[in-house]
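Naming: A, B, ... by sequence-line order, numbering from 1 per chain. All values derive from a computational prediction rather than experimental measurement.
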Amino acid sequence: MEQITSLKKRLARLVSDMFGGGVGENEIFPLFESPAEPKNGELCLPCFRLAKALRTPPGEIALTVARSLSELADEKKIKEISEVKAVSGYVNLYFSDELFRSLIDELGDISRLSKLGEGKTVCLDFSSPNIAKKFHLGHIGTTVIGNALRNIFNLCGYKTVAINHLGDWGTNFGMLICAFKMWSSREKVLSDGVIELEKIYARYNKESRNDKSLEDSARAAFSSLEKGNEEYLELWRLFKEVSLNEYMKVYEILGISFDSFTGESFYTDYMPAVVEELREKGLLKTDDGASVVYLSDYNMPPALILRSDGSTLYPTRDIAAAKWRKQEYDFDKCVYVTSAGQSLHFAQWFKVVELMGYDWAGDLVHVPYGTMSFGGEKLASRTGNIIYLDDLISQAVEKAEKIIDEKNPDLKNKRETAVAVGVGAVVFGGLSAARIKDADFSWDTALSFEGDTGPYLQYTYARAASVIRKCGGDEVSIICSYSPNDGEKRLIMQLSVFEDKIRSSLKDYEPSVITRYLLDTCGVFNQFYHSSPIIRAPEDAKGFRITLTKKFLQIAGSCLDLIGMAKTQEI
RNA sequence: GCGCCAUUAGCUCAGCUGGAUAGAGUACCUGGCUACGAACCAGUAGGUCGAGGGUUCGAAUCCCCCAUGGCGUACCA
């Protein structure tokens, strides 16, 4: 907020002058805070640090400052301030009605935000499921966090490249090919999709425990696939196509799109050059038959580049992919959204890239998130402890439908709205807490529609939209003598920190900052809504409140967009 | 063993570079729909901020140590 910033600057200069420049204005400026309690004003200056510099008790300083500023305010020399109080070492400042009225214009202005990333490109690697598996709970963290980050970067003016680094290569495919040849058919796979693939894969896994020869044939099959066996390649393409069809449905319902689907298979051709480069740069050592880069100087175990049988590994592929992306997109940052369990892996290969001499190693960012469990147990398809995303979404949608039938049976597009709310509840679930927190999934929480939930946000949005709809073409003008009440003041202040919240979520790669902010903002709006009539308000208040409600819709709408939830006009 | 992360109300979580009486939601109890939408709002109650030291005028926040839990720790991704 430009006006608040410039006010702070002026105040800092004034305070500095009061003490003969004993403390510089640049030191005073960052001391300004927003009081936690609205009753303490809109802006405050804690005087404890000043007390140290000036060797005067904080209470005394606060009193001196308050008295001088109060005089200036009375003389209309600081017309933004209506009242100044000294309270236990703080100077509390109350904004004037005039300032509140003019702050409204500035609300929701993102012009400064959208300059942050001008001319910069960010690659975001997220979602990245392994082919031939159904989309489940374990995938939604990376998917919704990555998508939200991408939206945040976009809002801030960055060019983004959303990359779905599909897990579409590896010995698994050898198993799948063998299993397919024994128990399945093209028709079956085409009709049952990923379910069929999961089924035969699980069966192969199970049977290979008793019959070790199955493992050998799987390895042989994959090796043959790598060498270009046309029959196997054809099957691999089928598996990939069927899986991708399933994933595209999921992404469509979540409203998420990608700029690239270059998965692991894509980089196989680029890996030999990486291995060669590591060798040339003297980084590659042989240990127990495997090729590694030692990282003991950095307090990490070695990065494995080649297995003792000469085949490549995860870090090899990631390094190759990073090099390719740098060349292709010339990114300023490349962000990887994966589980926190992979932190060491990323630290290792980031270091290897640095040792290779690439200055852009510092632009690689790992964004970890916590582990999702269910019933206190690890999610695993092997043990059957798994929740598929389509089940979760359809349950949420079903519940939303039920509630709509109950509370708003005349709603026109019921199904569409129920999907928006059901999906919103699921997305919200993935973005409400700080991403690093572990979470134990519970149906009760996931399907809860009251309190701090996705439906609460959408309900509040729809309610505000409904008010504006009912005002129709009512003329909106802010009467220049209107005196905002406490609820209106609070809403203005709440809406005014939008820009700060976006900056903070961008800096920390933390979408939950926006989710939290939106929850708080909806709470403040609801208080305003309950305490101040809008449509039936007196003329002077009406224009003010309609404008404020529109600003709320704009900012809440931006937040919903950012976290990837639908903006429900009616619900 | 070593490393990383977490620990705040019964439960799920906020708490900005240290600042005012540590805040929400949920669950329990209570009040508010002939009303711009009750998927809401208001109120009561609920805390030795995991334990102990230290730095500071001031610590949930910074430092040290310990405890508990999760994850990782050379041929999976």
Side-chain angles (χ1 to χ4, degrees), chain A residues 30-31 33-37 40 44 46-49 51-52 57-58 87-90 92 128 130 167 169-172 264 287-292 294 299-309 311-315 317-318 338-345 347-348 368 370-371 373 378 400 403-404 406-408 421 432-434 436-440 442 444-445 448-460 462-471 497 500-501 504 508 512-513 516-517 519-520 522-523 526-527 529-537 545-546 549 570-571:
Chain A
L31 297 180
E33 295 175 11
S34 313
E37 296 276 344
N40 286 328
C44 69
C47 300
F48 309 98
R49 274 174 233 267
K52 199 164 204 176
V87 182
S88 53
Y90 284 82
N92 292 336
S128 312
N130 289 328
W169 207 242
T171 35
N172 294 357
E264 295 176 351
D287 190 336
D288 209 11
S291 301
V292 305
Y294 286 117
N299 200 25
M300 286 188 278
L304 269 158
I305 302 300
L306 291 176
R307 272 201 288 229
S308 38
D309 67 3
S311 58
T312 57
L313 283 144
Y314 193 29
R317 187 153 18 232
D318 273 337
T338 80
S339 113
Q342 298 187 29
S343 296
L344 176 59
H345 161 73
Q348 284 177 301
T371 312
S373 56
K378 229 171 150 172
I403 294 176
I404 290 170
E406 202 178 293
K407 308 203 173 194
N408 195 3
V421 173
S432 56
I436 199 64
K437 299 263 186 183
D438 290 341
D440 192 40
S442 111
D444 277 355
T445 308
S448 158
F449 284 18
E450 283 164 23
D452 282 358
T453 62
Y456 171 75
L457 303 177
Q458 289 172 320
Y459 177 80
T460 307
R463 177 193 247 175
S466 159
V467 170
I468 296 305
R469 246 192 331 271
K470 284 178 182 161
C471 290
V497 297
D500 291 342
K501 295 295 177 180
S504 132
D508 297 333
S512 71
V513 168
R516 274 339 287 189
Y517 170 66
L519 277 169
D520 292 342
C522 285
N526 278 323
Q527 287 169 23
Y529 174 90
H530 276 275
S531 61
S532 309
I534 300 167
I535 297 173
R536 293 186 317 278
R545 290 175 189 167
I546 289 175
T549 303
E570 273 185 274
I571 182 170

(request) May I ask which nucleotide in the shown strands pairs with B:G46, Watson-Crick or G-U wobble, both distances under 3.5 Å? (result) none
(request) Round to a whole Å and report the spacing from CD of A:Glu37 to C1' of B:A22. (result) 11 Å
(message) If you compare every side-chain N and O of A:Arg463 against the phosphate oxygens of B:A38 (OP1, OP2), does one of them come in below 4.0 Å?
(response) yes
(request) Provide the distance between the two C1' atoms, one in B:A60 and one in B:U48, to the nearest whole Å. (result) 13 Å
(message) What is the separation between atom CG on A:Leu457 and atom C1' on B:C40, rounded to the nearest whole Å?
(response) 13 Å
(request) Quickly work out the A:Asp508 CG to B:A14 P distance and round it to whole Å. (result) 13 Å
(request) Could you please name the partner base of B:A14, counting Watson-Crick and G-U wobble pairs only when both distances are under 3.5 Å? (result) none
(request) For A:Ile305, answer base if it contacts any base atom (sugar-phosphate contacts may also be present), sugar-phosphate if it contacts only those atoms, and nothing otherwise; contact means non-hydrogen atoms under 4.0 Å. (result) nothing
(message) Classify A:Ser532 by what it touches in the nucleic acid, base, sugar-phosphate, or nothing, heavy-atom distance under 4.0 Å.
(response) base
(message) What contact category does A:Ala439 fall into here, base, sugar-phosphate, or nothing, at under 4.0 angstrom with non-hydrogen atoms?
(response) nothing
(message) Taking the minimum atom-to-atom distance to the side chain of A:Arg516, which one of B:C57, B:A14, B:A39 wins?
(response) B:A14
(request) Answer with base, sugar-phosphate or nothing: what part of the nucleic acid does A:Ser466 contact at a heavy-atom distance below 4.0 Å? (result) base
(request) Using a 4.0 Å heavy-atom cut-off across all strands, classify A:Pro46 as base, sugar-phosphate, or nothing. (result) nothing
(message) Using the side-chain heavy atoms of A:Leu344, tell me which of these nucleotides is nearest: B:A38, B:G72, B:G3.
(response) B:G72
(message) Given 3.5 Å as the limit, does a donor-acceptor pair link the side chain of A:Thr460 with the main chain of A:Tyr456, or not?
(response) yes
(message) Counting only side-chain nitrogens and oxygens, does A:Asn299 get under 4.0 Å of the OP1 or OP2 atom of B:G3?
(response) no
(message) Taking any heavy-atom pair under 4.0 Å as a contact, classify A:Asp309: base, sugar-phosphate, or nothing.
(response) nothing
(message) When the P atoms of B:U44 and B:C49 are compared, how many Å lie between them, rounded to an integer?
(response) 23 Å
(request) State whether a side-chain donor-acceptor pair under 3.5 Å links A:Ser311 with A:Asp309. (result) yes
(message) How many whole angstroms separate atom CG of A:Asp500 from atom C1' of B:A14?
(response) 17 Å
(request) Taking only the side-chain heavy atoms of A:Lys52 (C-beta and beyond), determine which of B:C57, B:A20, B:C40 contains the nearest atom. (result) B:C57
(message) Closer than 3.5 angstrom, by distance alone: can the side chain of A:Asn408 be matched with the main-chain N or O of A:Ile404 as a donor-acceptor pair?
(response) no
(request) Grab the OH-C1' distance between A:Tyr314 and B:C76 for me, whole Å please. (result) 10 Å
(message) Rounded to whole Å, how long is the line connecting atom CZ of A:Arg536 with atom C1' of B:U34?
(response) 12 Å
(request) Quick one: closest heavy-atom pair of A:Ala51 and A:Pro57, and the distance? (result) CB-C, 4.2 Å
(message) Heavy atoms only, 4.0 Å cut-off, all strands: where does A:Ala290 land among base, sugar-phosphate and nothing?
(response) base
(request) For A:Ser308, report the nucleic acid contact type (base, sugar-phosphate, nothing); a contact means any heavy atom under 4.0 Å. (result) base
(request) Tell which nucleotide pairs with B:A67, taking only Watson-Crick or G-U wobble pairs whose two distances are both under 3.5 angstrom. (result) B:U7
(request) Would you tell me if any nitrogen or oxygen in the side chain of A:Lys378 comes within less than 4.0 Å of OP1 or OP2 on B:G70? (result) no
(request) Please give the nucleotide sitting opposite B:C33 as a Watson-Crick or G-U wobble pair, both distances under 3.5 Å, or none. (result) none
(message) Nearest to the side chain of A:Tyr529, heavy atoms from C-beta on, is which of B:A77, B:C41, B:C36?
(response) B:C36
(request) Using a heavy-atom cut-off of under 4.0 Å over every strand shown, decide if A:Pro35 touches base, sugar-phosphate, or nothing. (result) base
(message) Classify A:Gly341 by what it touches in the nucleic acid, base, sugar-phosphate, or nothing, heavy-atom distance under 4.0 Å.
(response) sugar-phosphate
(request) Mark yes or no for whether A:Ser448, through its side chain, and A:Asp444, through its backbone, hold a donor-acceptor pair below 3.5 Å. (result) no
(request) Name the nucleic acid region contacted by A:Ile534, choosing base, sugar-phosphate or nothing; use a 4.0 angstrom heavy-atom cut-off, strictly under. (result) base
(request) Establish, from distance only, whether the side-chain atoms of A:Ser373 and A:Asp438 form a donor-acceptor pair under 3.5 Å. (result) no
(request) Verify, without hydrogens or angle tests, whether A:Gln348 (side chain) and A:Pro301 (backbone) share a donor-acceptor contact under 3.5 angstrom. (result) yes
(message) If I pick the P atom on B:G10 and the same atom on B:G47, what distance separates them, to the nearest angstrom?
(response) 6 Å
(message) Can you say whether a donor on the side chain of A:Asp444 sits under 3.5 Å from an acceptor on the base of B:A27, or the other way round?
(response) no
(request) State whether A:Gln458 places a side-chain N or O below 4.0 Å from either non-bridging phosphate oxygen (OP1 or OP2) of B:A39. (result) no
(message) Students often get this wrong, so: under 4.0 angstrom with heavy atoms, is A:Leu519 touching a base, only sugar-phosphate, or nothing?
(response) nothing
(request) Quote, to the nearest angstrom, the C1' distance that separates B:G3 from B:U12. (result) 29 Å
(message) Could you tell me how far apart A:Arg49 (CZ) and B:U17 (P) are, to the nearest whole angstrom?
(response) 12 Å
(message) Please classify the nucleic acid contact of A:Asp520 as base, sugar-phosphate, or nothing, using heavy-atom distances under 4.0 Å.
(response) nothing
(request) Tell me whether the OP1 or OP2 atom of B:A14 has a side-chain N or O from A:Lys437 closer than 4.0 Å. (result) yes
(request) Classify the nucleic acid contact of A:Asp287 as base, sugar-phosphate or nothing, counting any heavy atom under 4.0 Å across all strands shown. (result) base
(request) Write down the distance between CG (A:Asp318) and P (B:C76), rounded to a whole number of angstrom. (result) 16 Å
(request) Would you mind telling me which residue lines up with the more 5' stretch of RNA chain B, A:Glu450 or A:Pro533, judged by nearest nucleotide? (result) A:Pro533
(message) Please confirm whether the shortest side-chain N or O distance from A:Tyr456 to OP1 or OP2 of B:G37 is below 4.0 Å.
(response) no
